[in-house]
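Chain letters run A, B, ... following the sequence lines, proteins first, then strands; residues in each count from 1. Because the structure is predicted, anything quoted here is derived from the model rather than measured.
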Number of protein chains: 2
Amino acid sequence: MTRRTYAQRCALAHALDVVGERWTLLLLRELLTGPRRYGELLANLPGMGTNLLAARLKDLAAAGLIDKDEGTYALTARGAALEPAVLALARWGAPMLAEADEDEHWSATWNVVALKYSFRPDRARRARGVLEYRVDGTRVQARGRDGEIETSLEPRGDADVVLEADGETLLAIAGGTLDPDDAEADGARRVDGERRLYRSSLRFFALG
Amino acid sequence: MTRRTYAQRCALAHALDVVGERWTLLLLRELLTGPRRYGELLANLPGMGTNLLAARLKDLAAAGLIDKDEGTYALTARGAALEPAVLALARWGAPMLAEADEDEHWSATWNVVALKYSFRPDRARRARGVLEYRVDGTRVQARGRDGEIETSLEPRGDADVVLEADGETLLAIAGGTLDPDDAEADGARRVDGERRLYRSSLRFFALG
DNA sequence: CCGGATCCGTAACGATACTG
DNA sequence: CAGTATCGTTACGGATCCGG
């Protein structure tokens, strides 16, 4: 019953004592795109046992990273503060997505994370406006003001440009495999908005 | 024998497939401050079994994160690319260092990580010069050029200012618990260099 | 002595069955 | 739908042993 801890006077060790166990960071990734119910979480974490999910949720609530409200789980401020770390890890792992693996699980909400970690503030700074991405049926809005990205799963208000692409096309653009100029021939298309903003917005996403 | 994987088409999941197991990120933290031998690693990872350390080293070498050269292990470029993620995680965990725990393990090299994640480029940008910190017997050099920090365990050349403090004092300054102006009364002291640079350099480190 | 490998008890995880 | 209970499997932790 003794909870396993690294017992090191080190910030990284303390962080890993809280979020270093299996599934924990993936669970928090889910909540980074908005509140979720138990069933939704389970569906996006294939292979995780129901008991483990329940245990993790309880632990994270006790640690102050998440709150349970009327059956749905949401990040607290402390939990949301993990976003930079999660994105940094994901950015590091992004190159490993290059080789497609057919028997991997997949969820449209993963791409919201991809949008964030591949977003290049320096490139988007001058483009004011709301961009809306429709990826595999999921709508994501991003606005480039002040060089920061704000994504929201529940779009509020109209977007200045709406573009649509499947996840593979998006990842290929961000990964540098697909040139943005060729994206339109490869699955991305403009649904609404100015053509010029559409073209430039494809260049807002890249690694490195 | 089937290696455990999340099998998700997600950058974070792929990253965690490589560095998400127990001890792995702490092991990489050690190598972030320079090459190490097997024995040195084991000494700074108390509680880790010798078999586990050997297995992790083998796995990380196979994954291309580290190289073994004449008995010492060192990060590859791919492994060093994890630094932003490691620092982001450590920065998130830093507030949890506030309450001192007497029965935690401790190593002087961990403060090098603390130096990095609590370094504020915006504050140090105008101060050109080489700073040398001597923390609990370990010498660390940092130079603020272009607002970036470069730390090296093996100091090269002379520093413009040399200051000395114990780990607790340093962490207290970075954490905001200790005002830099009071630091000198609380264990920090200037060993060499201009007094003015010394004073200002204490303000280069903070969280948030 | 350093750098592991082998073995074994324990804790964590994974899958399924079961319940309010 | 949202978990709890149970149990077989895997990973980890600690100790001991081995080769250079």
Side-chain angles (χ1 to χ4, degrees), chain A residues 1-8 10 12-13 15-31 34-63 66-74 103-105 107, chain B residues 1-8 12-13 15-31 34-63 66-74 103-105:
Chain A
M1 269 303 169
T2 58
R3 184 165 168 71
R4 201 177 265 182
T5 172
Y6 289 114
Q8 292 187 1
C10 162
L12 179 65
L16 293 174
D17 278 337
V18 179
V19 300
E21 293 174 283
R22 190 163 167 78
W23 292 110
T24 301
L25 281 175
L26 293 185
L27 169 53
L28 291 168
R29 170 200 64 189
E30 292 303 310
L31 296 178
R36 293 282 187 285
R37 304 185 59 94
Y38 181 90
E40 303 176 287
L41 293 171
L42 200 64
N44 270 348
L45 298 170
M48 188 181 196
T50 62
N51 51 350
L52 248 195
L53 175 55
R56 291 283 186 273
L57 289 170
K58 199 169 295 184
D59 289 348
L60 289 175
I66 66 175
D67 265 335
K68 181 180 182 178
D69 185 33
E70 296 180 13
T72 74
Y73 296 90
D103 49 347
E104 284 181 328
H105 298 125
S107 166
Chain B
M1 268 304 169
T2 58
R3 187 168 165 69
R4 198 178 266 182
T5 172
Y6 290 113
Q8 291 187 2
L12 178 66
L16 292 174
D17 279 338
V18 179
V19 299
E21 294 173 285
R22 191 163 166 78
W23 292 111
T24 302
L25 281 175
L26 293 185
L27 169 52
L28 291 168
R29 170 200 65 188
E30 292 303 309
L31 295 178
R36 292 283 186 286
R37 303 186 60 95
Y38 181 91
E40 302 177 287
L41 293 171
L42 200 63
N44 270 349
L45 299 170
M48 188 182 196
T50 63
N51 51 350
L52 249 195
L53 176 55
R56 291 284 185 273
L57 289 170
K58 197 169 294 182
D59 289 347
L60 289 175
I66 66 174
D67 266 335
K68 180 180 183 178
D69 185 35
E70 297 180 12
T72 75
Y73 296 90
D103 49 345
E104 283 182 328
H105 298 123

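Between A/Y73 and D/dG3 there is a side-chain N or O to OP1 or OP2 distance below 4.0 Å. In this model, the phosphate group of C/dC2 is not approached by any side-chain N or O of B/R37 to a distance below 4.0 Å at OP1 or OP2.
The structure places NZ of B/K68 at 8.5 Å from NZ of B/K58, a figure rounded to the nearest 0.5 Å. The CG atom of A/L26 sits 6.5 Å away from the CH2 atom of A/W23 when rounded to the nearest 0.5 Å. To the nearest 0.5 Å, atoms CG (B/L16) and OG1 (B/T5) are separated by 10.0 Å. Note: A/R56 CZ to A/M48 CE = 5.5 Å, rounded to the nearest 0.5 Å. To the nearest 0.5 Å, atoms OG (A/S107) and CD (A/E40) are separated by 10.5 Å. Note that CG of A/L31 is 8.5 Å distant from CG of A/L60, once rounded to the nearest 0.5 Å.
Going from atom NZ of A/K68 over to atom P of D/dC1 covers 15 Å, rounded to whole Å. Here D/dG3 presents its C1' atom at 16 Å from CD of A/E40, a figure rounded to the nearest Å. We find that CG of B/L42 is positioned 12 Å from C1' of D/dG13, with the value rounded to whole Å. One atom, OH of B/Y38, and another, P of D/dG20, lie 17 Å apart when rounded to the nearest Å. Distance A/L45 CG to C/dA15 C1': 16 Å, rounded to the nearest Å. Regarding A/E70, its CD atom lies at a distance of 18 Å from the P atom of D/dC1, rounded to whole Å.
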Item to complete: Decide side-chain hydrogen bond (donor to acceptor under 3.5 Å, both in side chains) for B/R37 and B/T72; before the verdict, give the C-alpha distance in whole Å, the side-chain angles of both, and the deciding distance to 0.1 Å.
Response: CA-CA 4 Å; B/R37 303 186 60 95; B/T72 75; over 6 Å; no
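Each of B/G39 and A/P46 lies near DNA chain C, and the nucleotide nearest B/G39 is the one positioned closer to the 5' end.
Within residues 47-63 of chain B, the residues having any heavy atom closer than 4.0 Å to DNA chain C are, in order of number, B/T50, B/N51, B/A54, B/K58. Listed by residue number, the members of residues 16-30 of chain A with any heavy atom below 4.0 angstrom from DNA chain C are A/E21, A/R22, A/W23.
Checking side-chain atoms of B/Y38 against main-chain N and O of B/T50 turns up a donor-acceptor pair under 3.5 Å.
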